[in-house]
Amino acid sequence: MTTVGVPAGWPATEEEARAVQDGLRGRVVLDEPGPPPGTGRVTGVDVAYDDGLDLVAAAAVVLDAATLEVVAEATAVGRVSFPYVPGLLAFREIPTVRAALDRLPCPPGLVVCDGYGVAHPRRFGLASHLGVLTDLPTIGVAKNPFTFTYDDPAPARGGSAPLLDGAEEVGRALRTRDGVKPVFVSAGHRVSLGTALAHTLALTPRYRLPETTRRADALCRQALREAVRAFPADEAASGRPRRDPGDRP
DNA sequence: GCGACAG
DNA sequence: ATCTTGTCGC
């Protein structure tokens, strides 16, 4: 099994990572409506980690937007490329997610990310960053409000309320199921917030989270389990030194 | 300075 | 994200 390494030139510090975000944020496109819901393909991406082994597994699952049936899947396993820092999540997930997307046998259509797009301290969250790098239409659907505020949406499915960064609306809290905690939707790249909300509702006929996210989550966890099981052999095969168990800086 | 903080 | 037992409910 081939593992994805950290890309050359990838930021090594928080300062460098923030500079990269500031350099790329101007390329986010927000004036396109994006692909209509219920047509074409929709792809979910997600990652799972094994911190002890320094591994990250990513999955991309392509669904038919009309039927929500799985059309294609791909996974990739890599080394952790950045620590988790709120606001810098993209640097931890993107290399392996891109590798999984590259392995798909068909175009992904709209990409649904587990996290935020323009709802971000510098308006350049994971979904926007991935969109700019791939030029694919992307949206972010997050499970919690991060640093933002919102009023409780109406209790029925479809109810929504602005997700606010101070007075600025950066996304929406959207109720995807009656009486269930909302999800937090934002535009990523080449998709409007309205289209992002419509896609999110189309992807939640049964559960709180989009089918894309659920399928990708299950697949990347499976890929991680398999990678962990094969780890020592894989490490030897790829010529990487095993980390000394007693070496904990 | 302290606490909070997508995954 | 991940660590983890039981528990309430359809």
Side-chain angles (χ1 to χ4, degrees), chain A residues 4 11 14 17-18 20-21 24-25 28 44-61 75-98 100 111-132 138-150 163-166 168-174 176-189 193 196 200 205-210 212-225 227-229 231:
Chain A
V4 179
E14 298 182 25
R18 288 189 202 95
V20 169
Q21 291 180 330
L24 292 176
R25 53 189 288 186
V28 176
V45 294
D46 194 18
V47 303
Y49 301 96
D50 186 305
D51 290 325
L53 263 36
D54 193 39
L55 290 178
V56 49
V61 179
T75 63
V77 176
R79 317 298 293 192
V80 169
S81 53
F82 206 85
Y84 172 67
V85 179
L88 302 178
L89 178 65
F91 296 94
R92 187 167 168 78
E93 308 210 331
I94 278 185
T96 318
V97 166
R98 284 198 74 174
V111 176
V112 180
C113 295
D114 197 359
Y116 280 112
V118 296
H120 179 272
R122 288 167 295 281
R123 303 294 179 267
F124 198 65
L126 169 65
S128 297
H129 198 150
L130 182 66
V132 164
T138 62
I139 68 172
V141 180
K143 297 183 286 294
N144 71 54
F146 196 15
T147 62
F148 308 114
T149 60
Y150 66 100
L163 186 65
L164 301 172
D165 185 352
E168 181 181 354
E169 179 172 1
V170 293
R172 293 282 263 278
L174 175 68
T176 54
R177 307 297 308 158
D178 292 354
V180 167
K181 177 185 167 180
V183 298
F184 304 91
V185 180
S186 54
H189 179 64
L193 178 58
T200 303
R206 171 126 200 229
Y207 299 101
R208 173 182 176 240
L209 297 180
T212 40
T213 303
R214 291 167 40 77
R215 303 311 266 261
D217 179 74
L219 185 57
C220 71
R221 289 191 199 214
Q222 179 190 328
L224 182 66
R225 285 195 297 271
V228 168
R229 190 192 321 135
F231 179 69

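A note on names: the letters A, B, ... follow the listed sequences, proteins ahead of strands, and every chain is numbered from 1. Below, all heavy atoms of this structure are taken into account, side chains as well, without hydrogens, waters or symmetry copies. Keep in mind that what you see is a predicted model, and the values were worked out from it rather than measured.
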inquiry  = If we ignore hydrogens and angles and just use 3.5 Å, is the side chain of A/Ser186 paired with the main-chain N or O of A/Gly171 as donor and acceptor?
reply    = no

Could you pull out all residues at least two apart from [X] that satisfy salt bridge (charged side-chain N to carboxylate O under 4.0 Å, His left out)?
{"X": "A/Arg98", "answer": "none"}
{"X": "A/Asp114", "answer": "A/Lys143"}
{"X": "A/Arg221", "answer": "A/Asp217"}
{"X": "A/Arg25", "answer": "A/Asp22"}

Paired stretches of DNA chain B - 3 or more consecutive Watson-Crick or G-U pairs, each distance under 3.5 Å =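 Ordered by first number, the stems with DNA chain B amount to none, as no run of 3 pairs exists.
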
key: For A/Arg177, side-chain hydrogen bond (donor to acceptor under 3.5 Å, both in side chains) partners two or more places apart   =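 A/Arg177: no side-chain hydrogen bond (donor to acceptor under 3.5 Å, both in side chains) contacts found.
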
query = Between A/Thr200 and A/Ile139, which heavy-atom pair has the shortest distance, and what is it?
reply =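 What the structure gives for the nearest pair is OG1-CD1, 3.9 Å.
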
Along DNA chain C, first and last positions that approach a heavy atom of chain A under 4.0 Å = C/dA1 to C/dT2

Results of side chain to side chain contact (heavy atoms under 4.5 Å, CB included) for [X] - residues two or more places apart only:
{"X": "A/Pro182", "value": "A/Tyr150, A/Pro153, A/Ala173, A/Arg175, A/Phe184"}
{"X": "A/Glu169", "value": "A/Pro162, A/Leu164, A/Arg172, A/Leu193"}
{"X": "A/Ala76", "value": "A/Val4, A/Thr96, A/Ala99, A/Ala100, A/Arg103"}

query = What is the distance from atom CG of A/Leu126 to atom CG of A/Leu88, rounded to the nearest 0.5 Å?
reply =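 One finds 11.5 Å between CG of A/Leu126 and CG of A/Leu88.
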
task = Could you provide the dot-bracket string of DNA chain C, using ( ) for intrastrand pairs, [ ] for crossing pairs and | for bases paired to another strand, with Watson-Crick or G-U pairs below 3.5 Å?
result = ..........

request  = Sugar-phosphate means primed atoms, P, OP1 and OP2; the rest is base. With that split, encode nucleotides 1-7 of chain B 5' to 3' as B, S or - using protein heavy atoms under 4.0 Å.
outcome  = ----BBB

query = Taking the six-membered ring of A/Phe124 as reference, does the NZ or CZ atom of A/Arg18 fall below 6.0 Å from its centre and within a 45° cone about the axis?
reply =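 Not satisfied by the 6.0 Å and 45° rule.
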
